[in-house]
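Inspection log for the structure reproduced underneath, given as structure tokens.
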Amino acid sequence: MAEGIFAAEIVEECRRRGLLAGAYALRRPRGATFLRRLARDLSEQRKAPRVLIRRGVALLRAEPAVLRRQMGLGAEAARAREVLRRVAGLLAGHPHG
């Protein structure tokens, strides 16, 4: 299992080696992601609020391109609930979730 923004980088190689059960890129509401990230960063006092807001807006705008890139590398865009259902199916021995 790999997780994170760079996980899609290994999708094709894992597929080629027969090691890939599934590859997913989370499709989340961008506004909710922005607010969650901002709340976390403000509570942890990572940087000045103005910097965090500017960074958050930049990430908000970049998110569609990030998702497209991950899909281009072989990941399937899906909501978190769908990914959890599919992974549970794999763990239960049902290859298609």
* Could you please spell out the steps behind the side chain to side chain contact (heavy atoms under 4.5 Å, CB included) verdict for Glu63 and Leu59? => CA-CA 6 Å; Glu63 193 170 320; Leu59 291 170; over 6 Å; no
* Show the numbers, then the answer: is there a side chain to side chain contact (heavy atoms under 4.5 Å, CB included) between Arg79 and Arg85? => CA-CA 10 Å; Arg79 299 226 179 256; Arg85 186 186 67 74; over 6 Å; no
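- By the side-chain contact (heavy atoms from CB on, under 4.5 Å) test, Ala77 pairs with Arg27, Leu67, Met71, sequence neighbours left out.
- The shortest heavy-atom contact between Arg40 and Ser43 is O-OG, 2.8 Å.
- Residue Leu91 is grouped with residue Val83 when hydrophobic side chains (ILVMFWY) are merged at heavy-atom distances under 4.5 angstrom, including chains of intermediate members.
- When the side chains of ILVMFWY residues are joined at heavy-atom separations under 4.5 Å, either directly or via intervening members, Phe34 and Leu26 end up in two distinct hydrophobic clusters.
- Other residues, nucleotides and ligands place more than 12 heavy atoms under 6.0 Å from the CZ atom of Arg37.
- Side-chain heavy atoms closer than 4.5 Å link hydrophobic residues (I, L, V, M, F, W, Y) into clusters, and following such links, possibly through other members, connects Leu60 to Leu35.
- The pair Arg16-Glu12 does not count as a salt bridge, with every side-chain nitrogen at least 4.0 angstrom from each carboxylate oxygen.
- A heavy-atom distance below 4.5 Å is found between the side chains of Glu76 and Arg86.
- In terms of hydrophobic clustering, with Ile, Leu, Val, Met, Phe, Trp and Tyr side chains grouped at heavy-atom distances under 4.5 Å, Val11 and Phe6 are assigned to different clusters.
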* To do: In sequence, state the C-alpha distance, the side-chain angles, and the governing distance for Arg50 and Arg54, and then conclude on side chain to side chain contact (heavy atoms under 4.5 Å, CB included).
  => CA-CA 6 Å; Arg50 181 188 306 187; Arg54 208 170 35 240; 3.5 Å; yes
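- Grouping the Ile, Leu, Val, Met, Phe, Trp and Tyr side chains by contacts below 4.5 angstrom, directly or via other members, places Leu42 apart from Val51.
- A 6.0 Å sphere centred on CD of Glu3 holds no more than 12 heavy atoms belonging to other residues, nucleotides or ligands.
- Taken from CG in Leu73 to CD in Glu13, the straight-line distance is 13.0 Å, to the nearest 0.5 Å.
- Shown here are the side-chain contact (heavy atoms from CB on, under 4.5 Å) partners of Arg61, two or more places apart in sequence or in another chain: Val57.
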* Show your working on side chain to side chain contact (heavy atoms under 4.5 Å, CB included) between Arg55 and Lys47 and close with a plain yes or no. => CA-CA 10 Å; Arg55 176 182 170 268; Lys47 291 182 173 56; 5.5 Å; no
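- Nearest heavy atoms, Ala23 versus Gly74: CB-O, 4.0 Å.
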